[in-house]
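In what follows, a single structure is set out as structure tokens and then discussed.
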Amino acid sequence: MTMLRNIFIADISITTSGLANADTIAVIGTGGVGSALGPHFAAAGHTVVYGSRTPGSAEVQSLISQTGNDATATTQAEAAVNADIILLAIPWAPAKAIVSELGSLDGKIIIDPINALAFDAEKTVGIAADPSAAELIQEWAPGAHVVKAFNTLTRAYMVDANAAGGPITIPLAGDDIAAKERVADLVTAIGLVPLDVGALSHARGVEAMGQLYVAQGYQGRTRFEYHLRPR
Ligand SMILES: NC(=O)c1ccc[n+]([C@@H]2O[C@H](COP(=O)([O-])OP(=O)(O)OC[C@H]3O[C@@H](n4cnc5c(N)ncnc54)[C@H](OP(=O)(O)O)[C@@H]3O)[C@@H](O)[C@H]2O)c1
């Protein structure tokens, strides 16, 4: 029998089935976000497979050692084959090409942390995905369950949520409730606070949160973290 538990603390509550089964998580991209989240996923008991353009490089081999729990690295496409969950820890510009090379993603959960931002000489920060990166990714992989997550905080607090000095909310937008529950478990395991904000189309709002978050620092104003107070 599945043990159910409430993991959320706001007016919209979601229920999760816990970590009864370890997932295989393909972390596509070994940069700032991939190298921050991969070790947490492994520490939570999941099998991490990094998908990299250079899986044999010293940097990626070092990341594998740091990750533990028998993590491995291979090509992006091979990493995706046996994965239950795919984290797209990649820039926006090559995202369509990368997703198209990952093979069938039917039934898999795709976590999209991407901020598709456009910076110009006047220091404005625009959004370069219409209607949203998450919805476009869903179009490119129609059989997958895309969940927008992790785009509204900096890498440093992905590495160490406690360093933020208080709770940080991670809004989750997606059309598949079960997929959001699985991602919520990952968020909780990292020490962050998941919040179901509804359908994948609400990724437009979540991506706008990312735009504000980045622009605040880029334009020299007081930086902040998102903590949505439950009521
Ligand atoms: N950094 C943050 O604080 C932060 C916070 C929230 C959201 N995000 C978003 O998360 C995504 C990843 O951010 P990041 O900081 O991890 O980026 P990054 O440090 O630039 O790393 C991106 C990784 O993507 C892989 N990649 C595959 N194809 C690529 C290509 N054609 N060009 C460049 N890289 C390619 C690379 O890994 P391999 O070399 O292993 O192939 C690279 O290390 C971005 O969309 C960003 O907007 C970042």
Side-chain angles (χ1 to χ4, degrees), residues 25-41 48-67 71-80 83 85-103 110-119 125-129 132-137 140 146-161 163-164 168-173 183 186-187 190-192 194 203-218 223-226:
I25 303 180
V27 175
I28 308 297
T30 60
V33 170
S35 65
L37 295 182
H40 282 301
F41 295 162
V48 171
V49 184
Y50 292 102
S52 174
R53 297 166 300 175
T54 57
S57 69
E59 291 79 5
V60 176
Q61 292 301 308
S62 170
L63 177 59
I64 288 171
S65 302
Q66 180 200 334
T67 302
T72 55
T74 182
T75 64
Q76 294 168 348
E78 282 182 10
I85 298 174
I86 295 171
L87 172 71
L88 292 179
I90 52 174
W92 176 240
K96 185 173 186 180
I98 291 172
V99 170
S100 74
E101 295 292 318
L102 293 183
I110 296 178
I111 304 174
D112 163 26
I114 294 173
N115 279 314
L117 299 177
F119 300 87
V125 180
I127 293 185
S132 68
E135 288 166 282
L136 292 173
I137 291 166
W140 305 334
V146 177
V147 178
K148 189 80 198 182
F150 295 117
N151 67 305
T152 53
L153 80 169
T154 188
R155 172 189 193 276
Y157 301 145
M158 297 178 194
V159 172
D160 181 7
I168 298 179
T169 305
I170 302 298
L172 304 177
V183 177
L186 296 173
V187 169
I190 293 169
L192 299 163
R204 300 169 200 182
V206 178
E207 292 180 15
M209 291 171 71
Q211 175 193 27
L212 286 180
Y213 183 87
V214 171
Q216 201 72 2
Y218 184 64
R223 304 205 65 172
F224 59 82
E225 301 305 321
Y226 286 111

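Whatever order the structure lists them in is the order used to number ligands and atoms, beginning at 1.
Counting protein heavy atoms only, atom 4 (C) of ligand 1 is closest to V33 CG2, 3.5 Å. The shortest contact between atom 46 (C) of ligand 1 and any protein heavy atom is with N115 N, 4.0 Å. The protein heavy-atom contact nearest to atom 27 (C) of ligand 1 is Q76 NE2, 3.4 Å. Taking atom 20 (O) of ligand 1 as the reference point, the nearest protein heavy-atom neighbour is P91 CG, 4.5 Å. The single protein non-hydrogen atom nearest to atom 3 (O) of ligand 1 is R155 N, 2.8 Å, given as residue, atom name and distance. Looking at atom 39 (O) of ligand 1, its nearest protein heavy atom turns out to be R53 NH2, 3.1 Å. From the protein, the heavy atom lying nearest to atom 37 (O) of ligand 1 is T30 N, 3.2 Å.
Between I25 and L37 there is no side-chain heavy-atom pair separated by less than 4.5 Å. Between I111 and L186 there is a side-chain heavy-atom pair separated by less than 4.5 Å. For the pair Y50 and L63, the minimum side-chain heavy-atom distance is below 4.5 Å. Between Y226 and L212 there is a side-chain heavy-atom pair separated by less than 4.5 Å. Y213 places none of its side-chain heavy atoms less than 4.5 Å from the side chain of V125.
Not one N or O of I98 is nearer than 3.5 Å to an N or O of ligand 1, by distance alone. On a distance-only criterion, P94 and ligand 1 share no N/O pair closer than 3.5 Å. Between T152 and ligand 1, a contact under 3.5 Å exists for no N or O pair.
Rounding to the nearest 0.5 Å places CD1 of I86 at 12.5 Å from CG of D112. Between the CD atom in E225 and the OG1 atom in T152 there is a gap of 8.5 Å [rounded to 0.5 Å]. Here the straight-line distance linking atom CD1 of I168 with atom CG of L192 works out to 6.0 Å at 0.5 Å rounding. Rounded to the nearest 0.5 angstrom, S35 OG and E59 CD are separated by 11.5 Å. Distance check, rounded to the nearest 0.5 Å: CD1 of I190 to CG of D160 gives 11.5 Å.
At a heavy-atom cutoff of 4.0 Å, ligand 1 is contacted by the backbone of F150 but not by its side chain. When non-hydrogen atoms are compared, ligand 1 lies under 4.0 Å from the backbone of A89 (N, CA, C, O) but not from its side chain.
Within the listing of ligand 1, atoms 38 (P), 40 (O), 41 (O) sit less than 4.0 angstrom from a heavy atom of S52. Annotation for ligand 1: atoms under 4.0 Å from non-hydrogen atoms of T154 are 3 (O). Less than 4.0 angstrom separates some heavy atom of M158 from each of these atoms of ligand 1: 5 (C), 6 (C).
For the pair R155 and F150, the NZ or CZ position fails the cation-pi test of under 6.0 Å to the six-membered ring centre and within 45 degrees of the ring normal.
Without hydrogens or angle criteria, E207 side chain to A134 main chain gives a donor-acceptor distance under 3.5 Å.
Heavy atoms of L153 approach ligand 1 to within less than 4.0 angstrom.
Looking at I90, N151, I114 and measuring to atom 11 (C) of ligand 1, the nearest heavy atom belongs to I90. When the options A156, G31, G29, A133 are ranked by their closest heavy atom to atom 43 (O) of ligand 1, first place goes to G31. Considering each of A73, P113, G32, the one bringing a non-hydrogen atom nearest atom 9 (C) of ligand 1 is P113.
At least one protein heavy atom sits closer than 4.0 Å to atom 32 (N) of ligand 1.
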